[in-house]
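Report on the structure given below.
Lettering follows sequence order; numbering is per chain, from 1. Just so it is clear, the model here is predicted, and its values are computed rather than measured.
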Number of protein chains: 2
Amino acid sequence: MNIPIGELARRTGVKVPTIRFYEQIGLIAAPPRTEGNQRRYGKPEVDRLNFIRHARELGFEVEHIRGLLAMSQEPQASCHQADSIAKAHLLEVDRRIERLQALRGELSRMIDECGHGRICDCRIIEVLADHRQCASEHAA
Amino acid sequence: MNIPIGELARRTGVKVPTIRFYEQIGLIAAPPRTEGNQRRYGKPEVDRLNFIRHARELGFEVEHIRGLLAMSQEPQASCHQADSIAKAHLLEVDRRIERLQALRGELSRMIDECGHGRICDCRIIEVLADHRQCASEHAA
DNA sequence: TCTTGATCCTCTAGTGGCTAGAGATTCTAG
DNA sequence: CTAGAATCTCTAGCCACTAGAGGATCAAGA
């Protein structure tokens, strides 16, 4: 315990200025300070920050994360509300997965079909150039 | 030909201010203007913008797109670079899908349990907070 | 105790990739 | 000729950081 900000950064992979930024926007609470005005953190902050980092990596917006955090910290709160928030999140997550999988398919198809030769035969470029014509004609 | 910017926007799905922005950052060339200083585009710009839009939708960064565009204009060059840009991107997409699926599982578990009246053991935070421990121990 | 160098502080400004809005001009159909 | 849609430039804003200046504090060793 009594972790200084740099150590917190090391443990969570969130950079020091970003931690201060999160405090500023109220995503994490302002921790106690030393006599000399330096921040000191505890174990809960490590968890919370790790959570935030993963959620950010997953592409959730800060506002979204605020909701998830709030939900997780009110175990006694009305189940109705938590339920509907969670369901909305689930829907959103499903949409994301769907889109990423479509994207994945397209990317990997592109890569497969790239003959590793000249640009003029490279499907990566071709596919990006025009989605609708790529299977049919390319001589005008 | 002689397409005004709004028409270009309609044909490519890229918004008017975004087209001007792309010109500003040099992603597309400054087109000729009318007497009255309005931009007029031709067919090549439509293609180029479509390429850009599609690549952006696939999540490629502008700098990557710059590279892909440059490559596409040297048809004799090797497509090795395009291939590696796309592969790196694919890896990233895979990582995202994996994490989202973990989150999805946890969310839907929560929702199930919520149906039974208890959210007091919500583990959303744990799941996202520390990826490495979630399968093993959660009683300290 | 003093010093040194790593870490910390606050503050302002910059980044990417747009997006919005003001206020003026130009184009085009009737 | 005119009305109104589209265009122009410019500035400022958005989100989620990131960088850097300039100074204070902390911990370990001499």
Side-chain angles (χ1 to χ4, degrees), chain A residues 1-42 45-46 48-69 92 96 128, chain B residues 1-42 45-46 48-69 85 89 92 96 128:
Chain A
M1 299 316 117
N2 239 21
I3 307 165
I5 198 167
E7 173 67 16
L8 181 62
R10 237 167 285 118
R11 290 197 198 182
T12 60
V14 178
K15 290 176 186 165
V16 169
T18 305
I19 296 174
R20 292 198 273 248
F21 169 75
Y22 284 162
E23 180 183 324
Q24 193 182 302
I25 63 171
L27 199 56
I28 60 178
R33 306 272 185 136
T34 63
E35 283 287 296
N37 200 34
Q38 299 195 355
R39 293 165 179 86
R40 288 299 120 103
Y41 298 91
E45 275 79 15
V46 178
R48 196 171 170 100
L49 255 191
N50 268 322
F51 173 85
I52 292 170
R53 182 177 53 85
H54 279 299
R56 286 293 303 137
E57 282 171 4
L58 290 176
F60 288 102
E61 288 167 15
V62 164
E63 284 316 301
H64 212 135
I65 295 173
R66 240 187 257 275
L68 286 167
L69 280 168
E92 170 65 21
R96 261 166 214 264
L128 287 175
Chain B
M1 299 313 119
N2 240 20
I3 307 164
I5 198 168
E7 173 67 17
L8 180 62
R10 237 166 286 120
R11 289 198 199 183
T12 60
V14 179
K15 290 177 186 163
V16 168
T18 305
I19 296 173
R20 291 198 273 246
F21 169 75
Y22 284 162
E23 180 183 324
Q24 192 182 303
I25 64 171
L27 200 56
I28 60 178
R33 305 271 186 137
T34 63
E35 284 286 296
N37 199 35
Q38 300 194 354
R39 293 165 179 86
R40 288 299 118 105
Y41 298 91
E45 276 79 16
V46 178
R48 194 170 171 102
L49 254 192
N50 269 323
F51 181 99
I52 293 169
R53 181 183 49 89
H54 198 185
R56 286 292 301 138
E57 279 171 6
L58 290 177
F60 288 100
E61 288 168 14
V62 163
E63 284 317 301
H64 278 161
I65 294 174
R66 240 187 258 276
L68 289 169
L69 278 167
I85 290 176
H89 194 55
E92 175 60 28
R96 266 168 207 241
L128 284 180

Check your understanding: First and last nucleotide of DNA chain C in contact with chain A, 5' to 3', at under 4.0 Å to a heavy atom: what are they?
Key -> C:dC8 to C:dT10
Check your understanding: Whole Å only: how far is the CD atom of B:Q24 from the C1' atom of D:dC10?
Key -> 10 Å
Exercise for review: Grab the CD-P distance between A:E7 and D:dA27 for me, whole Å please.
Suggested key: 13 Å
Practice item. Measure the distance from CD on A:Q38 to C1' on D:dA27 and round it to the nearest whole Å. Key: 11 Å
Review point. Which distance, rounded to the nearest 0.5 Å, do you find between the CZ of A:R40 and the CD1 of A:I3?
Key: 10.0 Å
Review point. Over how many whole Å does the gap from B:R40 atom CZ to D:dA6 atom P extend?
Key: 13 Å
Point to revise | Note: A:E45-A:R48 ion pair, threshold 4.0 Å (strictly below) | key: no
Point to revise | Atom-pair distance (CG on B:L8; P on D:dA6), nearest Å | key: 15 Å
Check your understanding: Is there a side-chain contact between A:K15 and A:I19 (heavy atoms, below 4.5 Å)?
Key -> no
Check your understanding: Does A:R20 make a side-chain N or O approach to OP1 or OP2 of D:dA16 shorter than 4.0 Å?
Key -> no
Exercise for review: Report the distance from atom CG of A:L49 to atom CD1 of A:I28, rounding to the nearest 0.5 Å.
Suggested key: 5.0 Å
Review point. Just how far, in rounded Å, is P of D:dA12 from CZ of B:F21?
Key: 17 Å
Practice item. Would you kindly give the CG-to-P distance between A:N37 and D:dG23, to the nearest whole Å? Key: 17 Å
Check your understanding: Given D:dC17, D:dC26, D:dC8, which nucleotide is nearest the side-chain atoms of B:R33?
Key -> D:dC8
**Study point:** Heavy atoms of other groups near B:E57 CD, more than 12 under 6.0 Å
**Key:** yes
Practice item. Examine D:dT18: is either OP1 or OP2 under 4.0 Å from a nitrogen or oxygen in the side chain of A:T18? Give yes or no. Key: yes
Exercise for review: Can you sort out the partners of A:R20 under side-chain contact (heavy atoms from CB on, under 4.5 Å), two or more places apart, ordered by chain and number?
Suggested key: A:I5, A:V16, A:R39
